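Computed from a prediction, not measured in an experiment: that's the story for all the values here.
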Amino acid sequence: MNERLTRPAPDQGDPPDISSAVAVLAPRGRDAAVAGHLLKKEDITAIAVPSLEALAELIERRIGVILITEEALSGVGGEAVNEALDNQPSWSDVPFVVLSNGSVTNRSARATRQMDSLRNAVLLSRPLHAEELIRAVRSALTARSRQHDARGHMEKLQQGERQLFESEAKFHAIADFIDQMIWSTLPDGYHDYYNHRWYEFTGVPAGSTDGDAWSQMFHPDDREKAWGLWRHSLKTGEPYEVEYRLRHRSGEYRWVLGRAQPVFDKTGKIERWYGSCTEIHQIKLAEEQRQLMLAEMNHRVKNTLAMVNAMVSQTLRQAENLQDAQSSIQSRLGMMALAHDRLIKAAWTETHICEVVEAALAPHHSGNRRFVVQGADLLIGSKQALALTMALHELSTNATKYGALSIESGVVHVSWSIETGDEQDSFLMVWTESGGPPVAAPTRRGFGSRMIEQALAGYFNGRTELIYDPDGLTFKLRAPLTGLTQ
C-alpha cells in the first residue's frame with residue numbers, strides 16, 4: 001500500500017533522551033508533519049528541525065537518527081552539519097534516512113555534494129510506503145543503539161584500564177618505597193617482577209634474574225635447601241619461607257629471610273606468587289655472637305670455679321689456723337672480683353695491661369711511692385688478665401708480709417717491655433723488690449708460688465722465674481707477644 005505523507009503530527013518538543021529520537025528536517029510541503037505522525041504511531045519520538053544549523057546542534061547532542069529530504073540538503077548550514085559530523089567521537093556515526101526524488105537529474109550540485117558528505121546514509125525514493133519508512137528508521141535506530149552499547153563497553157574497558165593503571169602505579173609506589181625486596185612469579189614459579197630494592201641490593205642489571213636465574217644469587221651452600229622448599233611450595237601451594245645468604249652488590253653474601261604467598265582465583269587455582277626478601281644479616285650475626293658469648297661465658301665460669309676450688313683447697317691445707325685461711329681466701333676472692341669487673345667493662349674479650357696492674361696493686365698502696373710502674377699500655381686477653389691479676393696479688397701479699405712492703409723503706413719496681421727477636425717478638429715483665437729485709441728461699445711451695453710459676457706461664461704460653469736474691473725477690477715472665485691475647 002502506497003500511503004502519502006499527508007497527515008501532520010503535533011509538535012512534541014525535545015524528548016528527555018534524544019539518543020532514541022528521530023530528527024525530521026523537511027522544509028517543503030507536509031512531509032515533516034506526515035513523518036512525525038507515522039513515527040508517533042510506532043512510539044518513535046520525532047523532533048521537527050527548522051534548519052541545518054539546528055540539525056548540527058542535535059548531531060552534537062548525539063541525536064538517534066536523522067530523517068531528511070533531499071531538497072533540505074541544499075539549504076544554508078551544510079558546513080555546520082559537516083563540522084558536527086567530523087567532530088563526532090570515534091564510537092559515534094549518526095545514521096541518515098534521506099527521502100530522495102527518485103532521480104539524480106533534478107538534484108542540485110550542492111545537494112549532491114552534501115549527500116556525498118554523509119557517511120552513514122540510506123536513500124528512500126518518493127513516493128514510498130509507510131512500512132518502508134518505519135523499517136528504515138527502526139533499522140537505523142537499532143544500529144544507533146548498538147553504537148551506544150559499544151560506547152558503554154568501551155568506556156568500561158577504558159575505566160578498567162585506568163583502574164588497572166592506577167592500581168599498578170600504587171603497587172609500584174608501595175613496592176619501591178618499602179625497605180624490602182619484593183618479587184612475584186607466574187603460577188609455575190617463573191620470576192617476572194622485582195622491585196627497585198632488589199636491584200639496589202644485588203646490583204645486577206634489570207631483568208637479569210628473571211625466570212630461574214635468581215637462584216644464582218644464592219650462596220652455593222644454601223641453594224639446594226632454598227630450591228627444595230620452593231619446589232615444595234609450588235607443588236602444594238603452601239607458603240614459602242626460608243633463610244639463606246644472598247649475594248650483595250659488594251660481592252659478599254648477606255643473610256635474608258625469603259617468604260612467598262600464593263594468590264588464588266575463584267576456582268582455587270594459583271594465579272600468581274608474591275614474595276619478599278628481608279635482610280636479617282645483623283640479626284643473624286648478633287645471634288651467632290650471642291651463642292659464642294654463651295659458650296665463652298660457660299667456659300670462663302668453669303675456669304673461674306676451678307681456680308676458686310684450687311685456691312680454697314690449697315689455702316686451707318697450708319693455713320696455720322682458720323682465721324688466717326679466711327683472711328687469705330677473702331683477699332684472693334676480692335682480687336678475682338676486681339679482675340672480673342675489669343673484664344666485664346671490656347666485654348670479656350680484651351683489656352689494657354695498665355688497668356690490670358693498677359687494679360691488682362691498688363689494695364697494697366700505703367703511700368710514699370711504694371710501687372714504681374713502667375710499661376706501654378698493651379692489650380691482653382681476658383684469661384691472661386685474670387691470671388696476671390691473681391699473680392700480682394700473690395706477689396704483693398707476699399711482699400707485704402715478708403718482703404719489701406713489710407718495712408717503710410721498701411720499694412717494688414714493676415716493668416714490662418717488648419723485645420724484638422729473629423723469629424718472633426716477645427713480652428717481658430719483671431717484678432723487683434728492694435729495700436726490704438733479707439730474702440731466703442721458702443721451705444715449701446704454696447698456692448701463690450704455684451699460681452705464679454705454673455698457671456701464669458700456662459695462660460701466657462711462656463716461662464716464669466722466681467729469684468730469691470738476698471737483696472730482694474725478683475719475678476720474671478717471658479712469653480711470645482702473641483701469648484698476650486691468645
Mind checking what makes ring pair (Phe, Tyr, Trp, His ring centres under 6.0 Å) contact with [X], not counting sequence neighbours?
X: H153; result: none
X: W431; result: none
X: H413; result: none

Considering only heavy atoms from C-beta outward, does the side chain of [X] approach that of [Y] to under 4.5 Å?
X: V263; Y: I270; result: no
X: L484; Y: L378; result: yes
X: L392; Y: V357; result: yes
X: D212; Y: W227; result: yes
X: M429; Y: T464; result: no
X: R259; Y: L257; result: yes
X: V94; Y: V65; result: no
X: L85; Y: D93; result: no

- Item | Side chains of W198 and T209, donor plus acceptor under 3.5 Å | yes

Just how far is it from atom [atom1] of [X] to atom [atom2] of [Y], taken to the nearest 0.5 Å?
X: R272; Y: T185; atom1: CZ; atom2: OG1; value: 6.5 Å
X: T400; Y: L405; atom1: OG1; atom2: CG; value: 4.5 Å
X: L388; Y: H393; atom1: CG; atom2: NE2; value: 13.0 Å
X: R62; Y: W91; atom1: CZ; atom2: CH2; value: 5.5 Å
X: N82; Y: S117; atom1: CG; atom2: OG; value: 4.0 Å
X: I380; Y: W416; atom1: CD1; atom2: CH2; value: 9.5 Å

- Task: Output all residues satisfying side-chain hydrogen bond (donor to acceptor under 3.5 Å, both in side chains) with W214, sequence neighbours left out; order by chain, then residue number.
- Result: H191

- Query: Who pairs with S406 by side-chain contact (heavy atoms from CB on, under 4.5 Å), at least two apart in sequence or on another chain?
  - Reply: P437

Quick check: closest heavy atoms across [X] and [Y], and the distance to 0.1 Å?
X: S434; Y: A404; result: O-CB, 3.6 Å
X: I59; Y: V81; result: CD1-CG1, 3.9 Å
X: A140; Y: P95; result: O-CG, 3.7 Å
X: Y190; Y: G211; result: CE1-CA, 3.3 Å
X: A56; Y: A84; result: O-CB, 3.7 Å
X: C354; Y: G375; result: SG-O, 4.2 Å

Please report, to 0.1 Å, the donor-acceptor pairs under 3.5 Å made by any side chain of residues 216-226, with sequence neighbours excluded.
from : atom 1 : to   : atom 2 : distance (Å)
H219 : ND1    : D221 : N      : 3.0
D222 : OD1    : R245 : NH2    : 2.9
D222 : OD2    : R245 : N      : 2.9
D222 : OD2    : R245 : NE     : 2.8
D222 : OD2    : R245 : NH2    : 3.4
R223 : NE     : S215 : O      : 3.2
R223 : NH2    : F218 : O      : 3.0

- Just do the side-chain contact (heavy atoms from CB on, under 4.5 Å) check on V412 and T432 with the steps written out, would you? CA-CA 6 Å; V412 176; T432 304; over 6 Å; no

With sequence neighbours left out, write down each residue that passes salt bridge (Lys or Arg N to Asp or Glu O under 4.0 Å) with [X], or none if nothing qualifies.
X: K284; answer: E243
X: R231; answer: none
X: E79; answer: none
X: E200; answer: R197

Okay, side chain of [X], backbone of [Y]: is any donor-acceptor separation there less than 3.5 Å?
X: D425; Y: L481; value: no
X: D469; Y: L473; value: no
X: N195; Y: Q180; value: yes
X: T236; Y: H232; value: yes
X: Y199; Y: G207; value: yes

- Item | CA sep, side-chain torsions, deciding dist, call: L379, H352, side-chain contact (heavy atoms from CB on, under 4.5 Å) | CA-CA 5 Å; L379 287 174; H352 292 83; 3.6 Å; yes

Is the count of non-hydrogen atoms from other residues, nucleotides or ligands lying under 6.0 Å from [X] atom [atom1] greater than 12?
X: E252; atom1: CD; answer: yes
X: Y253; atom1: OH; answer: yes
X: R463; atom1: CZ; answer: no

- Would you sort out whether L361 and T389 count as a side-chain contact (heavy atoms from CB on, under 4.5 Å), showing the intermediate values? CA-CA 9 Å; L361 301 181; T389 298; over 6 Å; no

- Message: Per the salt bridge (charged side-chain N to carboxylate O under 4.0 Å, His left out) rule, what does the pair list look like for residues 138-159, sequence neighbours excluded?
- Response: E42-R138, R151-E155

- Item | Pairs touching residues 471-486 that satisfy salt bridge (charged side-chain N to carboxylate O under 4.0 Å, His left out), sequence neighbours left out | E419-R478

- Task: Evaluate the side-chain contact (heavy atoms from CB on, under 4.5 Å) criterion for residues S145 and T142: first the C-alpha distance (whole Å), next the side-chain angles of each, then the deciding distance (0.1 Å), finally the verdict.
- Result: CA-CA 5 Å; S145 177; T142 300; 5.6 Å; no

- Using side chain to side chain contact (heavy atoms under 4.5 Å, CB included) as the criterion, point out the one residue from F201, Y244, Y194 that pairs with C277.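 It is Y244; the other options fail the test.
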
